[in-house]
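A short write-up of the structure that comes next.
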Amino acid sequence: MSMIEVINRIPTQLQKIGQNKEGLKLKLKEFLKADSEIRRIVIIASGTSYNAAFTTKHFAENINQVPVDIIYPNMFVHYYNHSLLDEKNLYIFISQGGKTKLVYEALQIVKNKKYRTISLTETLNSPIADIADIALEIGSENEEYLYRTLGYSATCATLSWIYISLLDICDKINEEEIDIYMQDYHSMIKNLMKIKENTIEWYKKHKFELMQKHNFLFAGTNDLWAVAQEADIKFMEMLPVFTNSFELEELIHGPQNSFNQNIGYFILSRSTEDREKARSIAAFIEKEISSCYLIGDYDEASFNVSPESKYFSNLEYITYFQVLAYMLSTDRGRDLTKGIYPRVVDYINKSL
Ligand SMILES: O=P(O)(O)OC[C@H]1O[C@](O)(CO)[C@@H](O)[C@@H]1O
């Protein structure tokens, strides 16, 4: 099974996640029944799992009116002030593999305090799922590659439905409003394969230029910053080349000094969010340094994602980068079934 087939499976899996929303809500309701007040949502996760939490943070904070903190497991276990842990918080531990050592240790810390814990893993048959108060599935079922594409999109989708369910449990949303989210979610799902096809066409025209780049840089604002961060990690682990990502404005607070023509630049933007800033930075890079690809929802963009969704368009944007990472890594001759340095585990092991 090639990775593009995994990417092709994303719409079906997202569909299933949407269909499971009642089951998800019931599990959460049963768990939270005694006390549904949530002061903060605190998420502990690494890599792509962290990026999925980051991508949906803005949505969660807007609809639930509850702050969402996302903390790397190592920071949480060793350097976080554990006296800040609060029984009114909801702690979510995400690990697609279900056995990331520090996510497990972080969960143990919160569990020892008897505070509320939820795990999100690919399978419930995993050490992290075993010790959480409630164990939820991400919805990726069985992703074949370690370089997660389906897992990222599924984690974003499941988190979004968790956030909508939390509103529902507290009677802060009615059926019609839930239906608006569901229709919008389906519009996103329906558009993913079209974006995939358009990306392949776009890639054919830009392949020569992209193959010459030594590094890549991604920037965006709001949730597109999180998508930029996920694109960054995909290119880094798959192509593999060294990459970096920035919040849009931060791009010109230092990084611009290191720009050169060997870097491929991607600026993610929406017409409603900092469009002029994105255009100005792209024009600067394009005229002074090298090609800069504006990835947006408008015609002047180098690639128009043409998103159909209002609330879940980040999953439309990431499709472009998932497909591009696959195309570039394949054309560079990368075998995605193997890590570049499997011997790393002789030095340090991240898994239980
Ligand atoms: O979600 P998990 O299984 O804890 O893994 C964390 C990260 O480690 C990787 O598997 C490898 O870096 C990433 O793909 C993933 O995001």
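Residue numbers start at 1 and run along the sequence shown. When a ligand or atom number is given, it counts from 1 through the structure's own listing order.
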What side-chain hydrogen bond (donor to acceptor under 3.5 Å, both in side chains) pairs are there with at least one residue in residues 338-347, not counting sequence neighbours?
D335-K338

Have a look at F59 and tell me which of Y163, Y181, F54 forms a ring pair (Phe, Tyr, Trp, His ring centres under 6.0 Å) with it.
Y181

Between N349 (side chain only) and V345 (backbone N and O only), is there a donor and an acceptor less than 3.5 Å apart?
no

Return a table of N or O atom pairs, ligand 1 on one side and protein on the other, at distances under 3.5 Å, rounded to 0.1 Å.
| from | atom 1 | to | atom 2 | distance (Å) |
| --- | --- | --- | --- | --- |
| ligand 1 | 1 (O) | S49 | OG | 2.7 |
| ligand 1 | 1 (O) | Q96 | N | 2.8 |
| ligand 1 | 3 (O) | S95 | OG | 3.4 |
| ligand 1 | 3 (O) | Q96 | N | 3.4 |
| ligand 1 | 3 (O) | G97 | N | 2.7 |
| ligand 1 | 4 (O) | S95 | OG | 2.7 |
| ligand 1 | 4 (O) | T100 | OG1 | 2.5 |
| ligand 1 | 8 (O) | K350 | NZ | 3.4 |
| ligand 1 | 12 (O) | K350 | NZ | 3.4 |
| ligand 1 | 14 (O) | L146 | O | 3.2 |
| ligand 1 | 16 (O) | T48 | N | 2.6 |

Which residue in the set Y326, F242, F218, Y147 passes ring pair (Phe, Tyr, Trp, His ring centres under 6.0 Å) when paired with F235?
F218

Verdict with supporting geometry, F321 and F303, ring pair (Phe, Tyr, Trp, His ring centres under 6.0 Å)
CA-CA 11 Å; F321 291 103; F303 183 83; 8.9 Å; no

Mutual orientation of the aromatic rings belonging to F266 and W202 [parallel < 30°, tilted 30-60°, perpendicular > 60°]:
tilted

